[in-house]
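Residue numbers begin at 1 in each chain, while the letters A, B, ... track the order of the sequences.
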There are 2 protein chains.
Amino acid sequence: MNISEAGERAGLPAKTIRYYEEIGLIRPGRGPNGYRRFSEGDVHRLAFLGRARALGFGIEECRALLALYSDEDRASADVKRIAEEHLEAIEAKIALLAGMRDTLRELTRACAGDARPDCPILRDLGAD
Amino acid sequence: MNISEAGERAGLPAKTIRYYEEIGLIRPGRGPNGYRRFSEGDVHRLAFLGRARALGFGIEECRALLALYSDEDRASADVKRIAEEHLEAIEAKIALLAGMRDTLRELTRACAGDARPDCPILRDLGAD
DNA sequence: CTTGACCTTCCCGTCACGGGAACCCTTATG
DNA sequence: CATAAGGGTTCCCGTGACGGGAAGGTCAAG
């Protein structure tokens with residue numbers, strides 16, 4: 001099948017698929033006209049990548065996960081380690097954002113939000 | 001004062017300050033030797049920017065906030081609107097990350113993490 | 001006079017694509 | 001048969017907010 005059908009079935013835009021080929025995540029065949037030809041296996045790998053990306057794994061983590069996926073002799077410990085490190089990174093991001101959220105909630109709560117210039121938000125940002 | 005002292009006092013690296021000048025967030029003077037000269041006001045604006053960035057505001061939001069900060073006739077409603085929109089964006093990011101976190105927690109919990117190849121994480125990613 | 005610590009500009013790399021140009025291939029239709 | 005639509009291809013630029021590093025000018029101290 002061509003790239004747009006593969007994209008529909010894997011849930012990825014064609015641009016993304018071309019990019020994944022460029023960086024070596026997939027290797028679709030080529031027809032005599034130069035068009036990429038995707039096998040069922042290619043679509044399966046693409047869908048795998050789409051789900052891994054949806055969980056926030058970076059490209060290099062996806063590459064490692066895909067290699068483990070194809071390796072019958074893998075140790076699940078290797079997979080788990082990657083997932084746990086990623087989980088920790090996500091939890092750190094959440095903690096950072098939650099701090100911002102709490103401050104912003106407090107500041108917006110305290111701000112009248114009317115026509116007057118007095119504003120606790122700007123006071124906080126401009127605090128010496 | 002020169003850029004490194006301004007950076008120390010505002011808590012920003014010199015590279016960042018040069019970037020802020022390049023995109024027009026600040027306009028420090030110049031000495032006869034071509035060095036940037038920072039006033040107390042410059043340092044104050046830089047510190048303002050540093051705090052706004054620490055709350056996750058984007059550069060253009062910082063530009064708008066800085067303009068409102070310098071405007072004696074501002075309406076606090078304008079500031080509040082920017083902050084509330086940003087707050088919503090942050091809450092959306094947190095929700096997205098929390099979803100990933102929950103899935104990853106469940107998957108890593110279910111994974112034995114030993115030498116065997118059987119792995120719920122890869123099963124999930126490869127699910128048809 | 002030289003050393004070393006500053007400062008300057010300029011350019012490349014980040015991360016994972018998206019937009020768009022310029023051009024080729026295939027299929028359907030008048 | 002000519003053409004138009006709707007695929008596909010490569011290539012290049014832009015994103016956000018800087019960081020790293022090169023090449024070179026400036027300044028204070030020993």
*Asks:* Less than 4.0 angstrom between a side-chain N/O of A/Thr16 and OP1 or OP2 of C/dG18, yes or no?
*Replies:* yes
*Asks:* Roughly how many Å is it from OH in A/Tyr19 to P in C/dC15, rounded to a whole number?
*Replies:* 9 Å
*Asks:* What is the distance, to the nearest angstrom, from the CD1 atom on A/Ile17 to the C1' atom on C/dC17?
*Replies:* 13 Å
*Asks:* Assign a letter to each nucleotide of nucleotides 3-14 of chain D from its 5' end: B, base within under 4.0 Å of a protein heavy atom; S, sugar-phosphate only; -, no contact.
*Replies:* ----BSBBB---
*Asks:* Side-chain contact, heavy-atom cut-off 4.5 Å: B/Phe38 with B/Ile17?
*Replies:* yes
*Asks:* In whole angstrom, give the distance that lies between atom CD of A/Glu60 and atom P of C/dC17.
*Replies:* 12 Å
*Asks:* How long is the line joining CZ of A/Arg53 and P of C/dG18, in whole Å?
*Replies:* 10 Å
*Asks:* State whether the side chain of B/Arg30 and the backbone N or O of B/Tyr35 hold a donor-acceptor pair below 3.5 Å, judged by distance alone.
*Replies:* no
*Asks:* Check B/Arg51 against A/Leu125 and note the closest heavy-atom contact, atom names and distance.
*Replies:* NE-O, 2.7 Å
*Asks:* Can you check whether A/Phe48 reaches A/Leu65 side chain to side chain, under 4.5 Å on heavy atoms?
*Replies:* yes
*Asks:* Tell me: CG of B/Leu12 to P of D/dC18, nearest whole Å?
*Replies:* 8 Å
*Asks:* Could you state the CD1-P distance from B/Ile23 to D/dG16, rounded to the nearest angstrom?
*Replies:* 10 Å
*Asks:* Would you confirm whether A/Arg74, through its side chain, and A/Asp71, through its main-chain N or O, come within 3.5 Å as a donor-acceptor pair?
*Replies:* yes
*Asks:* Would you say that B/Ile23 contacts B/Arg63 through its side chain, given a criterion of any heavy-atom pair below 4.5 Å between the two side chains?
*Replies:* yes
*Asks:* Using whole Å, what does the distance between atom C1' of nucleotide D/dA17 and atom OH of B/Tyr20 come to?
*Replies:* 7 Å
